[in-house]
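Here is the structure we will look at.
Only a predicted model underlies this, so the values are computations on that prediction, with no experimental measurement involved. Order of the sequence lines fixes the chain letters, A, B, ..., with proteins taken first and strands second; residue numbering starts at 1 for each chain.
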Amino acid sequence: MSARRDPSNAEIAAVLEELGDRYELDGAIGHRVNAYRNAADAVRSAPGSIAALVRAGTVTEIPGIGATLEEKLTDLLNTGEIPALTKLRAKIPAGLLELTRMRGLGAKRVRKLWDELGVDSPDALRAALADGSVAELKGFGASSAAKIQAILDAAAEQASQPQRTLLPRALEIGEALRDELRAHPSSHRVELAGSARRQAESVKDLDLIATADDAAALVAAFAASEFVAEVQSSGPNGAHASTHAGLDVDLRIVPPAQFGNLLQHFTGSKAHNVALRTAAQARGIRVSERGILFEETGELVRCDDEVAVYETLGLTWVPPELREDRGELRLQAGEVPTLIELADLRGDLHLHSTKSDGRGTIGEMALAAIQRGHEYLVITDHSASHGFGNHVTADELRRTIEEVRQINEQLDGFELLAGSEVNIGSTGELDYPDDLLAELDWVVASVHTAFGNDPTARIIAACEHPSVDLIGHPTGRMLPDRPAYDVDVPAIIAAASRTGTFLEINGSPRRRDLNEFHARAAKDAGVLLVIDSDAHGPETLDNQRWGIATARRAWLTADDVANTRSWEELRALRKGGR
DNA sequence: GCCGTTTTCGGCCCGACTGTTTTCAGTCG
């Protein structure tokens with residue numbers, strides 16, 4: 001008997017996604033297919049282990065998972081497979097899934113190509129296009145054939161590139177485009193909507209919405225922008241284009257009276273809008289980007305700003321970061337949390353200098369922090385066994401402490417503090433002697449190596465250490481493609497709560513670790529979070545911005561974050577109130 | 001397949017765009 005590791009939420013979500021896709025190709029009704037996709041979304045967004053809920057018999061408490069899926073997931077855990085999926089895999093060629101997952105090709109047309117022409121893969125589709133049989137197929141035609149050829153080419157091109165763009169890059173392009181359109185004489189209001197406005201970790205494309213005197217002129221200016229590589233389609237009300245950075249952009253232009261409806265609609269998320277519309281529909285109200293239609297009276301309410309959209313529906317406006325259908329639609333007036341802002345942070349508690357792998361000296365980092373309005377800064381270079389070069393021996397750390405103290409004496413109204421980002425070793429041990437750790441003002445403990453070696457137990461051991469203040473990047477994920485190491489986050493949250501250890505939201509845009517789900521679970525458990533930059537140079541002190549984005553998506557207020565406090569107040573919150 | 005202060009059966013967000021159509025299906029966001 002071989003021990004089988006429980007599948008992660010991401011793996012379970014992928015299985016549900018595959019079931020949905022294969023059922024769709026098999027001709028199942030759309031709502032059943034949607035049920036699988038909804039369930040996949042729900043699993044992906046769950047903070048704790050879905051496998052554990054299945055084992056506990058409580059997984060049907062997750063909205064979107066009912067008795068049938070519970071049974072399928074139980075099979076998956078116990079046997080490693082789901083009979084229905086095994087059958088579907090035998091029936092539906094994998095190449096069809098690949099085809100339906102290309103943008104512009106759906107299950108219906110892929111199925112027809114398979115039934116009529118035997119097309120079962122991208123290569124087979126290329127061949128069918130080449131010999132003209134696609135164009136002759138009823139319901140397709142020459143124009144469709146040309147379009148499908150373009151879809152295949154685009155998919156081949158995209159396969160070599162990351163599919164989603166991390167938020168900083170997306171905002172850089174999106175805000176520049178927005179500002180360009182705002183400067184156009186014809187435009188009135190231009191806003192970036194979509195997942196970029198919601199400050200998600202990454203975005204698939206950009207949504208720009210606008211009002212203008214002369215919509216056609218604004219569309220023309222957009223098409224001529226230096227950021228735009230190719231315009232896929234354009235009309236009097238907008239255009240769809242791709243940028244040189246490989247990011248697609250949608251521009252939509254509406255009359256001013258409808259701007260609020262459009263901004264609300266294109267800010268999303270899809271889950272938020274579906275939930276909002278479903279609830280409205282039960283009251284005889286139909287909501288769309290065109291307006292809010294009261295079916296009984298036939299009145300169509302258009303809103304020039306977004307607050308009015310929510311008010312018309314009897315709902316409370318919530319910040320875009322909350323719009324994920326995670327409870328925000330049930331908030332009454334006065335219940336919306338006052339989300340933390342960058343200006344609330346008073347110090348930075350995790351960053352590097354030239355003592356280890358940073359690019360700025362201790363003095364340069366302190367100066368950069370002062371320029372950003374910080375009140376305190378802890379130098380937390382890597383420790384003795386960092387393993388990637390630039391390690392800091394115990395003696396070097398002692399000299400660093402001295403240097404920090406000397407620089408601090410020269411600084412007025414600012415506290416420069418001595419710390420370290422200590423490695424959590426392969427058995428949970430730390431790589432400095434305890435008496436040296438006790439001398440430090442602040443200790444971050446992080447896993448950097450041996451990811452397969454029970455990181456949960458090692459991190460819990462670090463929480464138990466009397467000198468450890470903060471667990472750094474607790475899950476180790478690296479966006480877009482290095483998954484978290486196999487770590488039991490609820491267990492770590494419990495250990496942090498028990499021991500009075502803080503948990504990090506690392507602001508590096510590739511980390512944002514803890515993520516928004518885990519950070520919200522930590523808050524709910526009463527654990528204080530720390531938002532820091534993990535800066536490796538003066539300019540990356542600004543990375544706290546991305547940590548704030550995750551914190552806001554996790555519903556955090558200033559009170560939930562330790563470094564919104566003065567250093568004196570924060571120090572009193574350390575273990576033993578040192 | 002899920003779900004329920006109008007439902008345990010009969011619904012499931014809504015509109016734009018495209019291409020093939022003679023009134024609509026497929027796909028997307």
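Nucleic acid contact for Arg32(A): base, since at least one base atom lies under 4.0 Å from a heavy atom of the residue. Note on Val33(A): nothing from the nucleic acid sits closer than 4.0 angstrom, heavy atoms only.
In this structure, the side chain of Lys112(A) engages the main chain of Lys138(A) through a donor-acceptor pair within 3.5 Å.
Comparing dG26(B) with dT21(B), their C1' atoms sit 13 Å apart, to the nearest whole Å.
Whole-Å rounding puts the Asp250(A) CG to dG15(B) P distance at 18 Å. Taking atom NZ of residue Lys108(A) and atom P of nucleotide dT20(B), one finds them 18 Å apart after rounding to whole Å.
Between dC12(B), dG15(B), dG1(B), one nucleotide has an atom nearer to the side chain of Tyr23(A) than all others, and that is dG1(B). The side chain of Arg277(A) lies closest to dC14(B) when the candidates are dT20(B), dG1(B), dC14(B). Comparing atom distances between the His31(A) side chain and each of dG1(B), dG15(B), dT18(B) picks out dG1(B) as nearest. Among the nucleotides dG19(B), dG1(B), dG15(B), the one closest to the side chain of Ser143(A) is dG19(B). Taking the side chain of Arg109(A) as heavy atoms from C-beta on, and the options dT27(B), dC13(B), dG1(B), the nearest nucleotide is dT27(B). When the nucleotides dG29(B), dC12(B), dG15(B) are ranked by their closest atom to the side chain of His265(A), dG29(B) comes out on top.
Met478(A) is listed as a side-chain neighbour of Arg511(A), based on a closest heavy-atom distance under 4.5 Å.
Side chain to side chain, Ser242(A) and Gln232(A) meet the donor-acceptor criterion of an N or O pair below 3.5 Å. Side-chain atoms of Asp131(A) and Ser133(A) include a donor-acceptor pair closer than 3.5 Å.
OP1 or OP2 of dA16(B) has at least one side-chain nitrogen or oxygen of Arg290(A) nearer than 4.0 Å. Regarding contacts with the backbone of dG29(B), a side-chain N or O of Arg103(A) is found under 4.0 angstrom from either OP1 or OP2.
Relative to the six-membered ring of Trp546(A), Arg512(A) misses at least one condition, a distance below 6.0 Å or an angle of at most 45° to the axis.
Taking a pair to require two hydrogen-bonding distances under 3.5 Å in either a Watson-Crick or a G-U wobble arrangement, dT8(B) remains unpaired.
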